[in-house]
2 protein chains.
Amino acid sequence: MQTIVASSGLPADVYSAKCPTRQVLDHIAGKWTILIVDALLATGTMRYSDLSRRIGGVSQKMLTQTLRQLEADGFLTRTIHPTIPPRVEYELTPLGRSLAVPIAALRRWTEEHINEIEEARSAGTAS
Amino acid sequence: MQTIVASSGLPADVYSAKCPTRQVLDHIAGKWTILIVDALLATGTMRYSDLSRRIGGVSQKMLTQTLRQLEADGFLTRTIHPTIPPRVEYELTPLGRSLAVPIAALRRWTEEHINEIEEARSAGTAS
DNA sequence: CCGGATCCCTCAAGATACTG
DNA sequence: CAGTATCTTGAGGGATCCGG
């Protein structure tokens, strides 16, 4: 099946630097995006601090920035509860959950093949 | 199934910044990695200049750097034919082809859902 | 206290030019 | 053809501040 991109009227092609699909792929490819979406698929609704604690090594700046990007792309919703202290909850949309499927597959692949990769690495450095 | 990482003796966990799986995921997540692996899955063996032409917007530096990384991780092989002019061919290993499956799924997802994403974006900016 | 926004600085990506 | 060398720029990390 071939998709025609509405905004450009051209066929979707991630190999073309100007194609809108490519920009989207670049966002998805970001390491924080993958971890956030995968965490939300597993956990359901999460607060800002939950995500911050769950995802090791993420800075507040990048967490906020990536969450806003994901919200703009329609992958998740951001719900503010104006209580004291404030509560902000993030949850995947149906679109976000459909993206989470291939992303979770990628995470699983990494965890399942890590030992093969480490073997290849030590084989390379040994020569 | 839970994988124990040989080098650390700990369970695989991409959410931990120090886990080896996380470093691997960060490489895989890179936009160039995804495009290179996906291109090689579709085409089989490719020369340096083939990849350079196929992947729009990649600089020589990043192409070389990413290819060396993928070679070190055991995802592809690099074969030099010492002819004049020189020929260098890249091809996925079995490990690389197994990685290409979830990566191709991600590319396909992007191309198939681009119109939904653009709709979400314009809905957001309109408000 | 939570969920950021802001400032500053570093390091890696990208453009450009050159070479075996 | 298939890279390396060099320089530049800006995305990303750390620390700090702030409104509710």
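Order of the sequence lines sets the chain letters (A, B, ...), proteins ahead of strands, with each chain counted from 1.
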Original post:
Going by the side chain to side chain donor-acceptor pair (under 3.5 Å) test, which pairs reach into residues 5-15 of chain B, not counting sequence neighbours?
Top reply: Asp38(A)-Tyr15(B), Glu118(A)-Ser7(B)

Subject >> Listed partners of Ala100(A) passing side-chain contact (heavy atoms from CB on, under 4.5 Å), at least two apart >> reply: Val37(A), Leu41(A), Leu92(A)

Original post:
So, is Thr64(B) close to the dG3(D) phosphate, meaning a side-chain N or O under 4.0 Å from OP1 or OP2?
Top reply: no

Original post:
How does each nucleotide of nucleotides 9-17 of chain D score, in 5' to 3' order, for protein heavy atoms under 4.0 Å: base (B), sugar-phosphate only (S), or none (-)?
Top reply: ---BB--B-

Original post:
Is any side-chain nitrogen or oxygen of Arg53(B) closer than 4.0 Å to OP1 or OP2 of dA2(D)?
Top reply: no

**OP:** For residues Trp109(A) and Ser98(B), report the shortest heavy-atom separation together with the two atoms involved.
**Re:** NE1-OG, 2.8 Å

Original post:
Are side-chain heavy atoms of Phe75(A) and Ile117(B) found at a separation under 4.5 Å?
Top reply: yes

Original post:
In Å and rounded to the nearest 0.5 Å, what is the NZ to CD1 distance from Lys31(B) to Ile36(B)?
Top reply: 12.0 Å

**OP:** Rounded to the nearest angstrom, tell me the gap between atom CE in Met46(B) and atom P in dA2(D).
**Re:** 11 Å

**OP:** Sequence neighbours left out, what pairs pass salt bridge (Lys or Arg N to Asp or Glu O under 4.0 Å) with at least one residue falling in residues 44-67 of chain B?
**Re:** Asp50(B)-Arg53(B)

**OP:** To the nearest 10°, let me know how far the axis at one end of the helix from dC1(C)-dG20(D) to dG20(C)-dC1(D) is tilted from the axis at the other, five pairs an end.
**Re:** 40°

Original post:
So Arg108(A) and Glu112(A), salt bridge (Lys or Arg N to Asp or Glu O under 4.0 Å) or not? Walk me through it.
Top reply: CA-CA 6 Å; Arg108(A) 241 179 290 113; Glu112(A) 286 170 6; 5.6 Å; no

**OP:** Assess whether atom CD of Glu119(B) is packed by more than 12 heavy atoms of other residues, nucleotides or ligands within 6.0 Å.
**Re:** no

**OP:** Determine the minimum heavy-atom distance between Ile103(B) and Leu106(A), stating which atoms define it.
**Re:** CG1-CD1, 4.0 Å

Original post:
On DNA chain C, which is the earliest and which the latest nucleotide, 5' to 3', with an atom closer than 4.0 Å to a heavy atom of chain B?
Top reply: dA13(C) to dG20(C)

**OP:** For Ile80(B) and dA2(D), give me the distance from atom CD1 to atom C1', rounded to whole Å.
**Re:** 10 Å

Subject >> Under 3.5 Å side-chain donor-acceptor pair for Tyr48(B) and Thr64(B) >> reply: yes

